[in-house]
Trainee: 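Mind looking over this structure? Questions follow.
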Amino acid sequence: MSHPLRLFILPLLVALAVPVSAQPVVNLAEDATLKLTGGIQPRAGLGIEEADDTERVGLGLRRARLQFRLTLLDKVGMEYDVDTTPGDLRSVDLFAFYDLSENVQLRAGRLPPAQARGFVPTSYSRIDAVDRAPLAERWARGTLGSSGRDISLDLTAELGETEVQVTLHNGTGGFSRDTDNFRESGSSPSVTRGADVTDLALSAAVHRGGPSGLSYGGFASVNTRGNEQTVLDDVERSYVSAGAHLYWGERPGSQPVRLKLEAVGTQYEAVDGFRQQLAGAGLFGAVRMLEHGEAFVRAEGLWEDVDAEPDVFGTVGVSYSPSAALGRDYRDLRVTLDYIVRRNAEGDIGHLVKLQGQIIF
């Protein structure tokens, strides 16, 4: 075993031997509580890109998250999620919430709008492999950006086994005061900050799941504004996007056999007569092994345009949960090893092997 891998694995094994404590909850007052949760995902990787004959071995830190959730009167509060992976504090989610009823919540701030189930709605602590499905990641990069968040007004309702989410949002996915975060004062030299913008985005999603392990749903989004992720020939293109999913066993470790099918598509505003249409579909399967682990495989195709050759992805891997062996949640302590091969539309091939640990509290 190489020296860098030993440096990664030995501390990880020590960390996984330490029991994870219960989620800390602090009672600030009789009607106020502060809940702290978080997680960390260190990894080691080997990448090979055949097109330019390069290889890279190294250690990484995929995520290091902290989530603070303040609740007042059991129905109103705020949530702030921060990511320390860049080496400093970076805001992820930052929103206020109000429970209109036991099953309906209103949120306002920076949060994940209704979107593809395989992206943010699949929590980072419950990803099937080391990373989310490439088709979901590519879909996000071509719509709201890799964070999958936007400044939004969101209404989410849980109706029995069905969850419905409707989001009105800026459509930019950013935090810039000039183009994204509209917070001007009447005393400002320009109450519009010089921007001539009247477009917004509207997204909706539905997801239905039950005790049988079967869950399904879909989403649709209309963004009449566009953003820097959709630029073509200096035009921030508007778009419509939609997708559907069918899962049997949504969460890792939840049942002996799991299957997932997902598809997404985006049609962009035409520029100089060219209208790009992105489409992707993927199939995932996992089987239980060693009682508290899984072996999995995933195959995906992504067309950057329906008239072009697809990017093809294949993934195989295994995960094991020491916390599940102790009767706790599968996600609390987990080690995942996977291998992914990618062939892009030009025929270039890349290989990536990743070993990742996970500690969630």
Side-chain angles (χ1 to χ4, degrees), residues 23 25 31 33 35 37 67 69-79 81 92-128 132-133 136 139-140 143-144 148-171 200-223 240-255 258-266 284 329-331:
Q23 295 177 345
V25 177
D31 55 2
T33 60
K35 182 178 180 180
T37 57
Q67 180 188 93
R69 189 175 181 90
L70 173 67
T71 303
L72 306 174
L73 303 173
D74 292 326
K75 64 189 315 179
V76 63
M78 67 170 290
E79 180 176 313
D81 297 11
V92 182
D93 293 319
L94 178 55
F95 59 85
F97 64 86
Y98 177 67
D99 293 336
L100 299 175
S101 70
E102 184 178 352
N103 301 315
V104 181
Q105 185 176 82
L106 178 68
R107 298 183 295 169
R110 189 171 193 261
L111 53 90
Q115 58 185 263
R117 188 74 183 178
F119 202 56
V120 178
T122 297
S123 164
Y124 77 92
S125 66
R126 299 193 185 277
I127 293 174
D128 295 305
R132 290 188 176 98
W139 168 84
T143 52
L144 290 178
R149 272 84 174 176
D150 201 5
I151 298 178
S152 312
L153 181 65
D154 178 271
L155 189 69
T156 301
E158 294 184 0
L159 310 173
E161 297 176 351
T162 302
E163 179 183 276
V164 179
Q165 181 183 3
V166 180
T167 315
L168 180 69
H169 51 113
N170 283 342
L200 291 171
L202 180 65
S203 302
V206 60
H207 175 74
R208 182 173 176 82
S212 66
L214 181 66
S215 59
Y216 53 91
F219 82 97
S221 180
V222 178
N223 186 343
V240 295
S241 187
H245 63 275
L246 176 63
Y247 298 163
W248 187 46
E250 185 168 7
R251 296 181 173 184
S254 60
Q255 58 189 52
R258 299 192 301 121
L259 295 171
K260 290 186 172 184
L261 177 64
E262 189 149 11
V264 295
T266 304
F284 169 89
D329 198 312
Y330 194 94
R331 70 175 187 166

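Treat the numbers as computed from the prediction; the structure is a model and nothing was measured. Side-chain atoms are counted along with the backbone in the values below, which use heavy atoms only and exclude waters and symmetry mates.
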Trainee: Could I get the full list of side-chain hydrogen bond (donor to acceptor under 3.5 Å, both in side chains) partners for Thr156, not counting sequence neighbours?
Mentor: Asp154

Trainee: If you round to the nearest 0.5 Å, how far is CZ of Arg126 from OG of Ser254?
Mentor: 9.0 Å

Trainee: Calculate, to the nearest 0.5 Å, the distance between atoms CZ and CE belonging to Phe95 and Met78 respectively.
Mentor: 9.0 Å

Trainee: Grab the two heavy atoms, one from His169 and one from Ser203, that are nearest each other, plus how far apart they are.
Mentor: NE2-OG, 2.8 Å

Trainee: Indicate the atoms forming the closest heavy-atom contact of Leu111 with Pro113, along with that distance.
Mentor: O-CD, 3.1 Å

Trainee: Would you mind reporting whether Gln115 and Pro121 have side-chain heavy atoms less than 4.5 Å apart?
Mentor: yes

Trainee: Could I get the full list of side-chain hydrogen bond (donor to acceptor under 3.5 Å, both in side chains) partners for Arg117, not counting sequence neighbours?
Mentor: His207, Glu250

Trainee: Would a distance-only check, ignoring hydrogens and angles, find a side-chain to backbone donor-acceptor pair under 3.5 Å from Asp150 to Gly171?
Mentor: yes

Trainee: Restricting to ring-ring contact (aromatic ring centres under 6.0 Å, His included), what partner residues turn up for Tyr247, sequence neighbours left out?
Mentor: His245

Trainee: Can you tell me how far apart OG1 (Thr33) and CG (Asp74) are? Round to the nearest 0.5 Å.
Mentor: 7.0 Å

Trainee: Quickly, which of Arg107, Gln105, Glu158 forms a side-chain contact (heavy atoms from CB on, under 4.5 Å) with Gln165? Name it, please.
Mentor: Arg107

Trainee: Nearest 0.5 angstrom please: Leu200 CG to Ser152 OG, how far?
Mentor: 10.0 Å

Trainee: Arg251: which residues meet the side-chain hydrogen bond (donor to acceptor under 3.5 Å, both in side chains) condition with it, sequence neighbours left out?
Mentor: none

Trainee: Return the minimal non-hydrogen interatomic distance between Arg331 and Ser123, and the atom names on each side.
Mentor: NH1-OG, 4.4 Å

Trainee: Rounded to the nearest 0.5 Å, how far does CZ of Phe119 lie from CD of Glu262?
Mentor: 11.5 Å

Trainee: Specify the closest pair of heavy atoms between Pro112 and Asp93, including all atoms of both residues, with the distance to one decimal.
Mentor: CD-OD1, 3.5 Å

Trainee: Quick one: does Arg110's side chain have a donor or acceptor within less than 3.5 Å of a partner on Leu94's backbone?
Mentor: no

Trainee: With a 4.5 Å heavy-atom cut-off, do Thr71 and Lys35 have their side chains touching?
Mentor: no

Trainee: Heavy atoms only: give me the nearest Thr167-Ala114 pair and the separation to one decimal.
Mentor: OG1-N, 3.2 Å

Trainee: Go through the structure and list residues passing salt bridge (charged side-chain N to carboxylate O under 4.0 Å, His left out) with Asp128, not counting sequence neighbours.
Mentor: Arg258, Lys260

Trainee: Which residues satisfy the side-chain hydrogen bond (donor to acceptor under 3.5 Å, both in side chains) test with Ser241, sequence neighbours excluded?
Mentor: Trp139, Thr266

Trainee: Taking the cut-offs as 6.0 angstrom to the six-membered ring centre and 45 degrees off its axis, would you call Arg69 and Phe97 a cation-pi pair?
Mentor: yes

Trainee: Could you report the tightest heavy-atom contact between Phe219 and Ala205, atom names first, then the distance?
Mentor: CB-CB, 3.8 Å

Trainee: Drop me the distance from Leu246's CG to Leu261's CG, to the nearest 0.5 angstrom.
Mentor: 6.0 Å

Trainee: List the steps and the verdict of side chain to side chain contact (heavy atoms under 4.5 Å, CB included) for Val164 and Leu155.
Mentor: CA-CA 8 Å; Val164 179; Leu155 189 69; over 6 Å; no

Trainee: Which one of Leu100, Asp99, Asp31 satisfies the side-chain contact (heavy atoms from CB on, under 4.5 Å) criterion with Lys75?
Mentor: Asp99

Trainee: Looking just at side-chain N and O atoms, do Asp81 and Gln67 make a donor-acceptor pair shorter than 3.5 Å?
Mentor: yes

